[in-house]
Structures are given as C-alpha cells and as structure tokens.
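All remarks here apply to the structure that follows.
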Amino acid sequence: MTGPSLRARLSSPAREVAPALLGGLLTTRRSDGTVTLRITELEAYEGERDPGSHAYRGTTPRNAVMFGPAGHLYIYRHLGLHHCVNLVCGPVGTASALLLRAGEVVRGADVALARRSATGVCRRTVDLARGPARLAVAMALDRADNGADLVARGGSVSVIAPAVPARWVATGPRVGVSGPGGDASTYPWRFWIADDPTVSAYRRAP
DNA sequence: GAAACGATTTGCT
DNA sequence: GCAAATCGTTTCT
C-alpha cells in the first residue's frame, strides 16, 4: 500500500486506519543517516468531538495541519521538552489523527542510537523508539517537519503500510486521556502489536 | 499583555 | 515511586 491508494486508506477515521498502520514502516532520510521504524503502538484522536484532542476546540494555527488532507505529519512540542508525532487521517475538514507512540527501529539503529545518546542513555535496541518523545528523537523529527507529506514521492519522510494479521492487534484505553463522555475503558483508542517488546512497558497490558 | 497548562521523560529518593 | 524540568499555545483579563 503506497502512493495515492495509501492516501485514500488514510482518509478514513483514525480508529479505522490504526490497525492497518500497525507494522507500517516509517522512514526518515537525514544527512546523518536513514532510519526506518516499524510502528508498534498508536493512539487515535478524533478531532473536534474528542476532548483529548488538540482539535477539540476547533481550528487554531497550531493544529491547522490536522484539518488538512490525510498523510501529513502533525508535530508539536510537549512540556517544552520533547516532540510528539502524529499522522493525519480522515477526510479534509476533520481533525482525525494518530499519535505514533512507539516502534521498532529496523534500519539505521546505529544512527538512532547516536541521536538518543545526545540526550540520555539507551542500553537496549528495543528502547530506541519506545515512547512518543523517544520515537521523535530516534527519527530526527521535530516541529520543522510539521505538515510534511508522507505520501508524496521524493520526500525525506515516508511511510508504507503492510498489514499485520488482525490477531496481532491489541487495543486498550489511551494513556492519560479519557474518551468522550468520561470512562476511558469504553474508548479503546490505543492500538499496539501484541507481545511486541518495543511497546511501552507498563502500558503493555490493558 | 499575562497566566495557566500539557497526548512525557528522566533522575533521584 | 515520585517530582522536577521547561516553553509554546491557548485563553482570559
């Protein structure tokens, strides 16, 4: 699944896209090297009707990208320290998006390790991109990449999405957010690959 | 113009 | 296990 067909698939609501994107390969090409990430953990945000979404109170300069076409990156700074990376989903006009929470570095682990070593210690390969901020560092993604189109040919960032078997996909409540109407347990909007060691540890079990 | 707050990580107790 | 770190964006006066 690549090119225009990928854009079409991403134009569905985030909760429908999420299972198809698990196992997807995200690649960034930078001057210090190329890193490819196998996506293992995602969270869906449903825009204006989702209190957990930055788009809950409508469009602002910051979240404008989320209301645009699917396949672009929405990246923001959190707590003044780190970045979180989202993939915009849904049709134009909706702010549906998927937060990339974790992944497995399958190519360029040495490059990712060098980037991670600049800020902290990372002993194991599975920790390279375990967690949203770590993922951003390992992939060298920051606000400069906000709005980048992953589907366009020739871009420095791209994604392909081979499907993983449905039985590998686990779901559960999002981290630190309740669904609309309250109870987080009734909104299993987090998706991950079952038993994958790169999924955030204490969040691994529902 | 000012103030509050946050989709987290890290390091210390 | 808990608390500090840190700053752009949003919201209110």
Side-chain angles (χ1 to χ4, degrees), chain A residues 13-15 17-18 21-22 26 37 39-68 70 72-90 94-103 105 112-148 170-192 197-206:
Chain A
R15 296 202 312 280
V17 176
L21 207 57
L22 280 176
L26 177 72
L37 186 83
I39 299 167
T40 58
E41 186 181 0
L42 294 163
E43 257 175 32
Y45 287 84
E46 289 297 333
E48 291 179 288
R49 42 166 222 251
D50 178 0
S53 171
H54 286 174
Y56 183 50
R57 299 187 193 288
T59 172
T60 66
R62 174 175 61 157
N63 65 26
V65 173
M66 277 200 288
F67 289 86
H72 291 248
L73 287 180
Y74 167 55
I75 301 180
Y76 65 93
R77 201 164 174 72
H78 182 236
L79 285 177
L81 296 174
H82 32 254
H83 298 279
C84 292
V85 181
N86 298 255
L87 180 57
V88 176
C89 299
T94 69
S96 191
L98 287 168
L99 169 67
L100 307 186
R101 290 196 53 90
V105 175
L113 182 60
R115 292 169 180 164
R116 288 291 317 284
S117 300
T119 54
V121 185
C122 178
R123 287 189 174 79
R124 303 178 304 161
T125 304
V126 294
D127 291 331
L128 281 174
R130 188 172 69 167
R134 294 166 169 180
L135 185 153
V137 171
M139 300 301 288
L141 290 169
D142 60 26
R143 290 213 334 293
D145 298 291
N146 188 44
T171 63
R174 292 181 296 184
V175 177
V177 190
S178 322
D183 185 8
S185 64
T186 60
Y187 292 88
W189 290 357
R190 188 164 59 89
F191 303 79
W192 66 96
T198 62
V199 173
S200 319
Y202 84 94
R203 296 146 180 157
R204 194 172 300 162

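Proteins get letters first, then strands, A, B, ... in listed order; numbering begins at 1 in each. The model shown is predicted, which means the values in this text are computed figures rather than measured ones.
- How far CG of Leu100(A) is from CG of Leu21(A): 7.0 Å, rounded to the nearest 0.5 Å.
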Evaluate the criterion side-chain contact (heavy atoms from CB on, under 4.5 Å) for residue pair Val65(A) and Leu73(A); output intermediate values, then yes/no. CA-CA 8 Å; Val65(A) 173; Leu73(A) 287 180; over 6 Å; no

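- Taking OH from Tyr45(A) and CZ from Arg174(A), the interatomic distance works out to 5.0 Å, rounded to the nearest 0.5 Å.
- Separation of atoms OG (Ser96(A)) and CZ (Arg15(A)) is listed at 8.0 Å; rounding is to 0.5 Å.
- Between the NE2 atom of His54(A) and the P atom of dT11(C) there is a distance of 11 Å, given to the nearest Å.
- Applying the ring-ring contact (aromatic ring centres under 6.0 Å, His included) criterion to His83(A), with sequence neighbours excluded, gives no partner residue.
- Side-chain contact between Pro132(A) and His82(A) is absent, with no heavy atoms from C-beta onward closer than 4.5 Å.
- Under the rule for a ring-ring contact (aromatic ring centres under 6.0 Å, His included), Phe67(A) has no partner lying at least two apart in sequence or in another chain.
- Summarising the geometry, the separation between CG on Leu141(A) and P on dT8(B) is reported as 18 Å, rounded to the nearest angstrom.
- Across the protein-nucleic acid pair, Asp127(A) atom CG and dT9(B) atom C1' stand 12 Å apart, rounded to whole Å.
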Would you give me the side-chain donor-acceptor pairs under 3.5 Å for residues 134-147 of chain A, sequence neighbours excluded?
{"unit_1": "Arg134(A)", "atom_1": "NH1", "unit_2": "Arg130(A)", "atom_2": "O", "d": "2.9"}
{"unit_1": "Asp142(A)", "atom_1": "OD1", "unit_2": "Ala144(A)", "atom_2": "N", "d": "2.9"}
{"unit_1": "Asp145(A)", "atom_1": "OD1", "unit_2": "Arg30(A)", "atom_2": "NH2", "d": "3.0"}
{"unit_1": "Asp145(A)", "atom_1": "OD2", "unit_2": "Arg30(A)", "atom_2": "NH2", "d": "3.0"}
{"unit_1": "Asp145(A)", "atom_1": "OD2", "unit_2": "Asp142(A)", "atom_2": "N", "d": "3.3"}
{"unit_1": "Asn146(A)", "atom_1": "OD1", "unit_2": "Ile75(A)", "atom_2": "N", "d": "2.9"}

For every nucleotide of nucleotides 1-9 of chain C, 5' to 3': is a protein heavy atom under 4.0 Å from its base (B), only from its sugar-phosphate (S), or from neither (-)? ----BBB-S

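- Taking the charged nitrogens against the carboxylate oxygens, Arg101(A) and Glu43(A) do have a contact shorter than 4.0 Å, which makes a salt bridge.
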So which protein N/O to nucleotides 10-13 of chain B N/O distances come out below 3.5 Å?
{"unit_1": "dT10(B)", "atom_1": "OP2", "unit_2": "Arg134(A)", "atom_2": "NE", "d": "3.0"}
{"unit_1": "dT10(B)", "atom_1": "OP2", "unit_2": "Arg134(A)", "atom_2": "NH2", "d": "2.8"}

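- For the pair Asn86(A)/Leu98(A), no side-chain contact is recorded, criterion being any heavy-atom separation below 4.5 Å from C-beta on.
- Helical stems of DNA chain B (runs of at least 3 Watson-Crick or G-U pairs, donor-acceptor distances under 3.5 Å) are listed by first residue: B:1-6 with C:7-12, B:8-12 with C:1-5.
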